[in-house]
Number of protein chains: 2
Amino acid sequence: MSSADESLAIGEVARRAGMTVSRIRFYEQTGLLAEPERQSGKRCYRSEVLTQLAIIDAAQRVGFSLDEIRDLVWGRGDPAHERLRQLAIRKLPEIDELIERATAVRHLLAVCSTCRCARIEECRLLTEPAGPSRDQPAEAALKRRITGDASTRT
Amino acid sequence: MSSADESLAIGEVARRAGMTVSRIRFYEQTGLLAEPERQSGKRCYRSEVLTQLAIIDAAQRVGFSLDEIRDLVWGRGDPAHERLRQLAIRKLPEIDELIERATAVRHLLAVCSTCRCARIEECRLLTEPAGPSRDQPAEAALKRRITGDASTRT
DNA sequence: GTCCCACCTCAACCCAGGTTGAGGTCAAGG
DNA sequence: CCTTGACCTCAACCTGGGTTGAGGTGGGAC
């Protein structure tokens with residue numbers, strides 16, 4: 001723990017990263033993770049791999065595909081910060097949208113779990129009144145957010 | 001648009017919901033979407049389906065599986081708001097974590113795209129200095145957030 | 001009437017992201 | 001020496017979430 005440079009066996013890496021061994025080997029196979037050194041055939045990792053795995057994991061969870069991550073970490077060509085900037089430009093809006101949607105769904109769950117709707121789509125927060133009463137500004141906004149404006153457009 | 005109760009053909013629904021026709025049929029097949037009425041064999045939807053589809057879509061994008069969504073929308077048993085509350089209790093922490101991670105990744109992308117690191121895992125915001133200089137509180141927090149504390153634990 | 005288009009069913013296929021299993025190697029400990 | 005456990009490879013398999021294609025029906029416009 002203090003001397004972080006003693007090399008780690010794959011099992012140890014897996015344990016610390018919270019992943020299976022097979023998953024780590026899979027990442028190596030598919031070029032996401034560099035081939036580590038070996039000692040008598042066995043992979044020995046240095047502790048940096050934990051950071052790499054954590055990045056992979058976090059990126060995946062917010063919707064990057066393994067291809068994108070591979071490109072991010074290992075991309076050929078250009079200086080890395082350049083590719084990174086490109087990727088950032090492409091992905092930032094998506095991430096923002098994800099955050100917005102997540103916030104809306106969060107809100108929906110929180111609010112609906114206090115209402116007595118019989119089915120979720122009948123929840124007063126989401127159903128178009130179809131009659132004259134229009135929904136409140138805030139609710140309309142929530143709805144627009146969760147629906148991504150799709151059903152709001154003509 | 002004003003008389004929202006004229007029934008919609010599947011193609012129209014798909015267009016408005018921004019999904020493929022096959023995807024909508026697939027949702028019906030797998031019990032996510034109710035079987036609509038038919039007229040001479042063809043599905044005719046009412047406009048509510050757009051809201052349902054939007055909910056499904058939004059929920060999916062923030063990490064609900066179709067099984068969970070099915071259970072949410074169509075779950076057998078208990079009053080809906082009860083199931084909804086259960087689901088909310090289970091999922092709210094996950095959604096919160098998603099939002100946190102997304103925010104951290106967002107931050108990472110934004111910051112790293114302005115730095116000159118040669119490889120992402122060498123980015124000064126993420127690499128353990130391994131020397132004496134410890135990273136700043138804010139950066140450490142970012143790192144801890146993106147790594148989900150995994151590599152931070154002993 | 002016949003053309004065309006949007007719809008229908010059903011089964012097969014596809015891709016991402018891993019997991020599983022068979023069969024083998026190596027080093028340490030009893 | 002021999003067993004045990006962690007590691008190795010390679011190929012096959014699995015699940016989720018759809019897509020694709022063949023073969024068929026219906027109805028409105030020309």
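All chains are named by letter (A, B, ...) in the order of the sequence lines, taking the proteins before the strands, and each is independently numbered beginning at 1. Because the structure is a prediction, the values reported are computed rather than measured.
Residue S40(A) places none of its side-chain N or O atoms closer than 4.0 Å to OP1 or OP2 of dC7(D). Regarding contacts with the backbone of dC8(D), a side-chain N or O of R43(A) is found under 4.0 angstrom from either OP1 or OP2. Taking 4.0 angstrom as the limit, R38(B) places a side-chain polar atom (N or O) nearer than this to OP1 or OP2 of dT9(C). Residue Y27(B) places at least one side-chain N or O closer than 4.0 Å to OP1 or OP2 of dG18(D). Neither OP1 nor OP2 of dC10(D) sits under 4.0 Å from any side-chain N or O of Q29(A). One finds a side-chain N or O of R25(B) lying less than 4.0 angstrom from the OP1 or OP2 phosphate oxygen of dC8(C). The phosphate of dG18(C) (OP1 or OP2) has no side-chain N or O of T20(A) nearer than 4.0 angstrom.
Of the candidate nucleotides dT19(C), dC7(D), dG18(D), dG18(D) has the atom lying nearest to any side-chain atom of L66(B). The A9(A) side chain lies nearest to dC7(D) when the options are dG17(D), dT20(D), dC7(D).
Taking OG1 from T103(A) and CG from L98(A), the interatomic distance works out to 8.5 Å, rounded to the nearest 0.5 Å.
Map F64(B) and K42(B) each onto its nearest nucleotide of DNA chain D; the residue landing nearer the 5' end is F64(B).
Within the 3.5 Å criterion, the main-chain N or O of I10(A) finds no donor-acceptor partner in the side chain of R25(A). For R101(A) (side chain) and D57(B) (main-chain N/O), no donor-acceptor pair under 3.5 Å exists by modelled atom type.
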